[in-house]
Amino acid sequence: MAAPGLRRRALGARFRALTQEIFMPFTLATWNINSVRLRAPLVERLLGEEAPDVLCLQECKSPVEKIPLETFRALGYGHLVARGQKGYNGVAILSKLPLRDAGDRDFAGLGHARHVAAELENGVTIHNFYVPAGGDVPDREVNEKFGQKLDYLAEMRDWFRSDRPGKSILVGDLNIAPREDDVWSHKKLLKVVSHTPQEVAALGDTQEAGHWVDVTRKDIPEGQLYSWWSYRARDWDAADKGRRLDHVWATPDIAGAGHSSRILRAARGWEKPSDHAPVFATFDL
DNA sequence: ATGGTAGGTCTCCTA
């Protein structure tokens with residue numbers, strides 16, 4: 001039998017080990033960067049100023065081998081799981097924490113680099129998505145791209161239905177603003193691709209199939225919330241005609257650990273910006 | 001009702 005003092009210290013160590021095991025908070029951000037090579041300085045600025053543990057990028061528009069990993073590694077981000085192609089699409093997960101490549105899927109058979117998954121050492125899987133934008137006309141009979149977007153979402157839905165995810169986070173540019181307060185004008189955008197009832201229903205089916213919790217809206221349930229402002233506006237900030245296209249979802253087993261969601265609107269005003277702002281969430285896991 | 005900007009690539013596609 002150990003002396004009372006020793007026993008107390010041993011319990012203290014066990015308590016510390018236990019609490020550390022339970023509370024290992026990590027912060028995650030998702031950002032459509034619109035060319036990771038052109039905007040490598042902006043990525044560096046975000047990593048330097050905000051220091052998320054994990055940064056998921058979309059629209060890298062670069063083959064994986066041309067992503068400037070060494071500049072990011074110098075800031076402590078030595079781990080990369082990515083898929084790329086020349087000129088279009090491309091998704092990357094950049095991390096301070098070790099990652100295991102957990103594969104990718106080619107939904108709707110497009111042959112595009114629009115999904116990649118990685119697993120953290122705590123067993124959490126991160127899915128990074130770039131859902132097709134869907135073209136201009138919300139009618140698959142006259143616009144093939146709109147059909148591809150709906151097919152992409154349907155195949156995501158079917159996958160989550162057949163293989164229900166657990167301990168998972170899904171982020172990315174989903175190219176749909178589902179709620180009325182996710183767009184600057186619900187009424188004016190009802191026939192605009194990204195906010196049509198058909199797309200909102202498709203996204204809802206995909207979310208429901210995986211029992212995904214919208215972590216951003218769990219944290220910020222009220223009010224207008226945007227993550228994208230068009231380049232075409234004369235003054236994006238004053239006009240504020242935004243949409244919430246970028247999302248952070250989590251499975252119910254870990255969604256309760258998510259908190260401190262925010263959108264870094266300021267990044268939309270940086271020099272030569274992306275048209276998207278980064279979305280953040282922290283998970284105590 | 002219209003056109004407005006941006007990036008990559010190779011002259012126009014995509015967002």
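Convention: sequence-line order gives letters A, B, ...; per-chain numbering from 1.
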Nearest-angstrom distance, [atom1] atom, [N] to [M]:
N      : M       : atom1 : result
dT2(B) : dT14(B) : P     : 22 Å
dA1(B) : dC12(B) : P     : 30 Å
dT9(B) : dT5(B)  : P     : 22 Å
dG7(B) : dT11(B) : C1'   : 14 Å
dA6(B) : dC10(B) : P     : 23 Å

Exercise. In terms of the nearest nucleotide of DNA chain B, which residue is placed more toward the 5' end: Asn89(A) or Lys272(A)?
Worked result: Lys272(A)
Exercise. Toward the 5' end of DNA chain B, which comes first, Pro273(A) or Asp173(A), by nearest nucleotide?
Worked result: Pro273(A)
Exercise. Taking the side chain as C-beta and beyond, is there a heavy-atom pair between Tyr130(A) and Cys56(A) under 4.5 Å?
Worked result: no
Exercise. With a 4.5 Å heavy-atom cut-off, do Val279(A) and Arg244(A) have their side chains touching?
Worked result: no
Exercise. Side chains of Ser194(A) and Glu199(A): do they bring a donor and an acceptor to under 3.5 Å?
Worked result: no
For this session: Please determine, by modelled atom types, if Tyr231(A) and Asn34(A) share a side-chain donor-acceptor pair under 3.5 angstrom.
Result: yes
Problem set entry | Bounds of contact between DNA chain B and chain A, in 5' to 3' order, using a heavy-atom cut-off under 4.0 Å | dG4(B) to dA15(B)
Problem set entry | Residues within residues 234-249 of chain A bordering DNA chain B, heavy-atom distance below 4.0 Å | none
Exercise. Who are the salt bridge (charged side-chain N to carboxylate O under 4.0 Å, His left out) partners of Arg39(A), not counting sequence neighbours?
Worked result: none
For this session: Return the orientation label for the Trp159(A) and Phe107(A) ring planes: parallel under 30°, perpendicular over 60°, tilted otherwise.
Result: tilted
Problem set entry | Pair Asp240(A) + Arg265(A), salt bridge at N-O below 4.0 Å | yes
For this session: Report the residue from Ile93(A), Val91(A), Leu170(A) that forms a side-chain contact (heavy atoms from CB on, under 4.5 Å) with His127(A).
Result: Leu170(A)
